[in-house]
There are 2 protein chains.
Amino acid sequence: MSYKDKKVITIGIVSELTGLSERKIRYYEERKLIFPERSKGGTRKYSFLDVERLVDIANKMEDGMQTFEIRKMEQKQLKKKEVREKMLRGQLNAAFNMRK
Amino acid sequence: MSYKDKKVITIGIVSELTGLSERKIRYYEERKLIFPERSKGGTRKYSFLDVERLVDIANKMEDGMQTFEIRKMEQKQLKKKEVREKMLRGQLNAAFNMRK
DNA sequence: CGTGTAAGGAATTCTGACACG
DNA sequence: CGTGTAAGGAATTCTGACACG
């Protein structure tokens, strides 16, 4: 975990960093696009990665995409990534086996 | 400016990250060891670099150093760094001049 | 000098709801 | 569906001060 992934930023500052209203930021969480942590008291805590994600979400919203479409798109990309990694592992294994 | 230098963390979270009380953190600011920014409303905002600095300060305090000593020490190291950079620039210039 | 604490107030955040479209 | 807003309350932070050592 680098600094980028540490959940330490409160929503007001995230709002400033992204230019999005707090309302929007909370709504995108409701739609499962973003997953802040919580303090003991219940205040949301975001990472810089979350901030980047929010900017990306904002761009897609501007392009007329709907929240559920954005969610699906992210799932697809996650799946692609998994497949890619699985293949890579397979090739590494094959290469390793050839050596014996 | 990388993420490390962005002042985005509130004092409560800094307290958790460093293990220092908010009182101590504010006191080290009073003694000019740390320089948070402020929100419009007046709440302090720290960077990850500040968090690292605070941990370093805490270690020196544990070793019995006093705040003014820590401040002096940091000034000295800053000066050393400046001298080093000045010398480096001088050498680079010399090397460049030899080429013509 | 360095730090804890209680005090009162202000800034920040939270949730659930209503509104509009 | 996506977002603004007013509402009431709770969590967070701020300052200046007193205390102890």
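When reading the values below, keep in mind they use all heavy atoms of this one structure, side chains included, and skip hydrogens, waters and symmetry mates. Predicted, not measured: the structure shown is a model, and the values here were computed from it.
- The ring of Tyr3(A) has its center no closer than 6.0 angstrom to the ring center of Tyr3(B).
- At whole-Å resolution of the value, CD in Glu29(A) and C1' in dT13(C) are 13 Å apart.
- Residue Met61(A) has its side chain nearest to dG2(D) when only dG2(D), dG2(C), dG4(C) are considered.
- dA6(C) is unpaired under the Watson-Crick or G-U wobble criterion, no partner having all donor-acceptor distances under 3.5 Å.
- Judged by distance alone, the side chains of Arg23(A) and Tyr27(A) never bring a donor and an acceptor atom under 3.5 Å apart.
- Between dT12(C) and Thr43(A), no contact under 4.0 Å exists linking OP1 or OP2 to a side-chain N or O.
- Among the nucleotides dG2(D), dT3(D), dT13(C), the one closest to any side-chain atom of Arg26(A) is dT13(C).
- Straight-line distance from the NZ atom of Lys45(A) to the P atom of dT13(D): 11 Å, rounded to whole Å.
- Look at CZ on Phe68(B): it is 8 Å from P on dG2(C), rounded to the nearest Å.
- Atom pair Arg38(B):CZ and dT12(C):P shows a separation of 12 Å (rounding to whole Å applied).
- In terms of phosphate contacts, Tyr27(A) brings no side-chain nitrogen or oxygen within less than 4.0 Å of OP1 or OP2 of dT3(D).
- The CG atom of Leu33(A) sits 11 Å away from the P atom of dT3(D) (whole-angstrom rounding).
- One interatomic measurement links the two molecules: NZ of Lys40(A) to P of dT12(D), which rounds to 10 Å at whole-angstrom precision.
- With hydrogens and angles ignored, a donor-acceptor pair under 3.5 angstrom links the side chain of Arg23(A) to the base of dT5(D).
- In this entry the distance linking CD1 of Ile25(A) with P of dG4(D) reads 10 Å, nearest Å.
- Look at Thr10(A) and you won't find any side-chain N or O under 4.0 angstrom from OP1 or OP2 of dT12(D).
- Residues Ser39(B) and Glu22(B) each lie close to DNA chain C; by heavy-atom proximity, the contact nearer the 5' end of the strand is made by Glu22(B).
- The residue from Gln75(B), Lys32(B), Met61(B) that alone fulfils the side chain to side chain contact (heavy atoms under 4.5 Å, CB included) condition with Ile70(B) is Met61(B).
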Test log, rule salt bridge (charged side-chain N to carboxylate O under 4.0 Å, His left out), inputs Glu52(B) and Lys4(B): CA-CA 10 Å; Glu52(B) 288 187 7; Lys4(B) 198 171 169 180; 3.5 Å; yes
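- In this structure, Ile11(A) places its CD1 atom 13 Å from P of dT12(C), rounding to the nearest Å.
- For the salt bridge (charged side-chain N to carboxylate O under 4.0 Å, His left out) criterion with Glu29(A), the lone passing option out of Arg44(A), Arg71(A), Lys24(A), Lys45(A) is Arg44(A).
- Comparing Tyr28(B) and Arg44(A) against DNA chain C, the residue whose closest nucleotide sits nearer the 5' end is Tyr28(B).
- Nucleotide dG16(C) has no partner under the Watson-Crick or G-U criteria, as no pair reaches both atom distances under 3.5 Å.
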